Amino acid sequence: MTISKDIHFLGEYRNLEEVYQLYPYGGAIGDYIFLNKEKVFWNDTFRIWGDKKTIPSPTEDHTDINGNLNVYGDVTISGTLTVKRIHCPDYNDIFLQIETNGDQFLAYGESITLKCKVMRGFENISNTVTQWCIKRQSGDTVNDNAWLLKGKVKNFAGSIDICFTSEENDLSTTSLSGSTEFTITASGDHSVIAKSIITI
């Protein structure tokens, strides 16, 4: 008599933290667990346990954080991490990731490089972008429109240097605004894929 074991069954757990302690990189296609007696499959597309619409509710209390959160060291997140983004109705679960090589502050005399990627979960789908656009809103409409005529703005293809130097200033030149907003839009063949705003 042969006893067969389902190689995709990874066990029963009380919460996702227990699962990630044993399987820190998630599962494989077809893997499943029982979470609070509910059968939950590994979603390889989004690299999470469960369908994003039916993730089991957490058993512990939760904490809401409004404002900035700085984390130094490792972070373990069990459950759903929600990031506020501008909604683009034609493409669900797609977002614009903006990298700054770790720079979080732009002082006078410096420049910062913004590198943009269009992501679906952990998958980079920037190759689906047919047009990139960046616009500035500094509180001075005339200068914002003139800024659009700069070569690096007209030729923006997902990466741009934002400068705050005596030779070149991409930030607000008016005292009406203490910060400058840059709206970055990635479009496909027929519509906007992702859009995000960064404030400097």
Side-chain angles (χ1 to χ4, degrees), residues 45-48 52-53 62-72 75 77 79-165 167-200:
T45 303
F46 298 108
R47 309 291 302 160
I48 61 171
K52 288 178 68 169
K53 296 179 180 120
H62 70 278
T63 302
D64 291 329
I65 298 171
N66 293 314
N68 296 327
L69 172 65
N70 295 323
V71 177
Y72 303 95
V75 174
I77 298 174
T80 304
L81 175 65
T82 304
V83 179
K84 184 178 178 183
R85 305 220 184 258
I86 296 174
H87 179 64
C88 299
D90 293 336
Y91 294 86
N92 293 328
D93 307 310
I94 294 177
F95 61 93
L96 188 63
Q97 177 178 312
I98 303 172
E99 297 176 351
T100 61
N101 292 328
D103 290 338
Q104 300 298 317
F105 182 76
L106 183 61
Y108 184 75
E110 296 180 341
S111 64
I112 190 170
T113 301
L114 305 180
K115 294 180 182 173
C116 306
K117 294 184 206 173
V118 177
M119 304 294 291
R120 181 188 300 129
F122 292 102
E123 178 188 5
N124 183 346
I125 60 165
S126 300
N127 60 346
T128 63
V129 177
T130 57
Q131 181 179 4
W132 290 92
C133 177
I134 185 167
K135 292 184 179 179
R136 182 182 88 168
Q137 186 174 359
S138 67
D140 183 338
T141 307
V142 173
N143 280 330
D144 290 343
N145 289 334
W147 186 79
L148 292 173
L149 301 175
K150 282 186 165 187
K152 69 179 182 181
V153 177
K154 292 194 306 189
N155 298 318
F156 174 62
S159 180
I160 191 169
D161 290 329
I162 301 297
C163 302
F164 187 35
T165 66
E167 294 83 25
E168 185 177 12
N169 183 5
D170 293 311
L171 302 184
S172 175
T173 55
T174 176
S175 60
L176 300 175
S177 174
S179 60
T180 303
E181 281 186 357
F182 296 91
T183 302
I184 299 172
T185 307
S187 299
D189 290 329
H190 304 292
S191 63
V192 170
I193 299 173
K195 189 179 201 179
S196 191
I197 296 173
I198 187 167
T199 304
I200 300 176

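One-based numbering along the sequence shown. In this text the structure is predicted, and so the values were computed from the model without any measurement.
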query: Does the side-chain contact (heavy atoms from CB on, under 4.5 Å) test come out yes or no for Leu171 and Phe182, once each step is laid out?
result: CA-CA 9 Å; Leu171 302 184; Phe182 296 91; 4.0 Å; yes
field: Ser138/Asp140 under side-chain hydrogen bond (donor to acceptor under 3.5 Å, both in side chains): CA gap, chis, key distance, verdict
entry: CA-CA 5 Å; Ser138 67; Asp140 183 338; 5.7 Å; no
For the atom pair [atom1] ([X]) and [atom2] ([Y]), what is the distance rounded to the nearest 0.5 Å?
{"X": "Ile160", "Y": "Ile162", "atom1": "CD1", "atom2": "CD1", "answer": "4.5 Å"}
{"X": "Lys195", "Y": "Leu96", "atom1": "NZ", "atom2": "CG", "answer": "11.0 Å"}
{"X": "Ile193", "Y": "Gln131", "atom1": "CD1", "atom2": "CD", "answer": "10.5 Å"}
{"X": "Ile184", "Y": "Lys135", "atom1": "CD1", "atom2": "NZ", "answer": "13.0 Å"}

- line: Smallest heavy-atom separation, Cys116 atom then Trp132 atom, equals CB-CZ3, 3.6 Å
Could you tell me if the side chain of [Y] sits less than 4.5 Å from the side chain of [X], heavy atoms only?
{"X": "Ser187", "Y": "Thr185", "answer": "yes"}
{"X": "Ile134", "Y": "Trp147", "answer": "yes"}
{"X": "Thr113", "Y": "Thr100", "answer": "no"}

message: I'd like to check the salt bridge (charged side-chain N to carboxylate O under 4.0 Å, His left out) partners of Glu123; sequence neighbours left out, ordered by chain and number.
response: Arg120
message: If the condition is salt bridge (charged side-chain N to carboxylate O under 4.0 Å, His left out), which residues does Lys150 pass it with, not counting sequence neighbours?
response: Glu168, Asp170
message: Quick one, Phe164 with Glu110, criterion side-chain contact (heavy atoms from CB on, under 4.5 Å). Give me CA distance, side-chain angles, the key distance, then yes/no.
response: CA-CA 6 Å; Phe164 187 35; Glu110 296 180 341; 5.9 Å; no
query: Heavy-atom count around Lys152 NZ within 6.0 Å, excluding the residue itself: above 12?
result: yes
Between [X] (side chain only) and [Y] (backbone N and O only), is there a donor and an acceptor less than 3.5 Å apart?
{"X": "Ser159", "Y": "Lys115", "result": "no"}
{"X": "Thr130", "Y": "Gly188", "result": "yes"}
{"X": "Arg136", "Y": "Leu148", "result": "no"}

